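Values in this document were obtained by computation on a predicted structure and should not be read as measured data. Lettering of chains follows the sequences in order, A, B, ..., and the numbering in each one begins at 1.
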Amino acid sequence: MSSGPTIIKFTSVSKSWARGSGGLQKVSFAAAKGEFVFLTGPSGAGKSTILKLCYMDELPSAGEVRVSGVSSLSTKRTEISRLRRTLGIVFQDFRLLEDRTAWANVAFALEVTGTHHKAIPPRVQKVLERVGLGPKMQAMPSELSGGEQQRVAIARALVNDPFVLLADEPTGNLDDRASRAVFQLLKDINTSGTAVMMATHDLDLVRNSGFRSLELNKGALVYDSSDAPLPEKEH
Amino acid sequence: MSLALREVWTAFRRAPGLGVLSVFTVAFSLFAFGLFGLVAYNTRLALERLEERVEIRAYVTEGTETDAVAAAVGDIRAFPEVSNVTYVSPDDALKKARIEMAEFKDVFEPEFLPASLEVRLKPGNRDPDQVKAVARRLNGYPFVDDVRYGEEWVQKFYSVRRAATAAGIILGIAFAFAAMIIIGSTIRTSVLARSREIGIMRLVGATDGFIRAPFLIDGLLKGLIGGMMAVTLMWVTRAALTATVFAFQFFPTPVLLLGILVGAVIGLLGSALSVGRQLKRV
């Protein structure tokens, strides 16, 4: 566990929707620079909600989310855009543009955030090589395997040099082998200094990794492995 | 800007059918609206020509001194509603009657018809009330024997004109609304087709302004091209109608330019609204 400065801080965060289902209840935790944190728990426990609150796609109903100095209590839309340029976000369904090559998908993230066009090719090349897709840069997403598509998505998330990578079930659509490879890639990314917050169902992965895990149930934070010793669970 | 234009091109290349459909929708919606406008415009011109025929005729009592009538003519010309006054002598009246009613030309005898004043009114002063008021003032002259102005005809003409104007406005608004709704939903479809891109742009931190730009350019271009196509279609239709039915007047150039501008504005607004809605959703 890292003991660097706090980059994400949830203080008594609740989130509720008009429809009633899902949501969070008074969740508090902090994540430090360079840390690897798992979010675990059954479907609907609130893992994705926590990630959405981190990239401020949702704002809390009560409490405060603070990410890299940006507070949910006072933020504006333009500030959220700026914040997202410093985050990397990866989803289970990859969210690639199917009509563009791997290269163009990654370059897109730089183009739409106003990066100078001359600076784009070397950065795209470097990050695609880093995720192991150097030889497949010009492939269309449909020509790539699930694992490779997720690597493209990770490359797109990394190309802006984020301080944290938010990954929502990044291995959820992949077979075992591809899952392990993607997880290894995330570990490598973390080793090089980028914090990772990853929501997952894969408890084996969590146990074997030794990283910090936050367990959610019905919107409440029921367990934080950094608060040892392990509390007795209610049944 | 160059990226925005490239995105417009990429979107068009990816779904050229949708792009062409949007342009055609804009073109045909504006064409339908324009065609209705053309009919309304020509009806108005025809009615204006008909309106010019509104005249008041004051018959002069037999034996009136010409000087007295001449003085009154100057006086009547100064009425604010009056555009022209013509003195028609009994001889002139006879000549005219012989031409207009040739079959009776031998029946008419000299001095058979009285002298009269033919009074024409300025445009905008020809409605029944004003015509009646002028007629009454003419009747006040001692030498005027009788005043005729086809009261019934003027009233009928004006009720037809009012009905045509009301129908024109109501149908015009309906057509304009239909065009806006159709164009708006077509543009919305093309925005929805790209909702994935919008979502990704937002995730990687593109600002709302940056996301909007290609859609606004897209809407503007579609509206502009659609507007120009509509004008071309209207021109062709008018030429065909003029050749086969009767001579249609085409819109004056400023109205045509305004039409193209309206197309561009509808395209721009339609896009702005759709993207705004989409940005709230993703």
Next item on the list: May I ask you to decide if A/D175's main-chain N or O and A/S179's side chain share a donor-acceptor pair within less than 3.5 Å?
Entry: yes

Next item on the list: Could you tell me which of A/R82, A/R156, A/E98, A/H117 has the largest number of non-hydrogen atom pairs under 4.5 Å with chain B?
Entry: A/R156

Checklist line | Contacts of B/N125 that satisfy side-chain hydrogen bond (donor to acceptor under 3.5 Å, both in side chains) - sequence neighbours left out | finding: B/Q130

Note to self: Under 4.5 Å from any heavy atom of chain B, what part of A/L96 do you find: side chain, backbone, both or neither?
What the structure shows: backbone

Checklist line | Euclidean distance, A/Q149 CD relative to A/N105 CG, rounded to 0.5 Å | finding: 9.5 Å

Check: Hey, which residues of residues 158-173 of chain A are touching chain B, say heavy atoms under 4.5 Å apart?
Finding: A/N160

Notebook entry, point to check: Around atom CD of B/Q155, are there more than 12 heavy atoms of other residues, nucleotides or ligands at under 6.0 Å?
Noted result: yes

Notebook entry, point to check: Would one find more than 12 heavy atoms of other residues, nucleotides or ligands at under 6.0 Å from atom OH of B/Y41?
Noted result: yes

Note to self: Distance check, rounded to the nearest 0.5 Å: A/L174 atom CG versus A/Q92 atom CD?
What the structure shows: 8.5 Å

Margin query: Looking at B/K122, I want to see if its NZ is surrounded by more than 12 non-hydrogen atoms of other residues, nucleotides or ligands under 6.0 Å.
Written below: yes

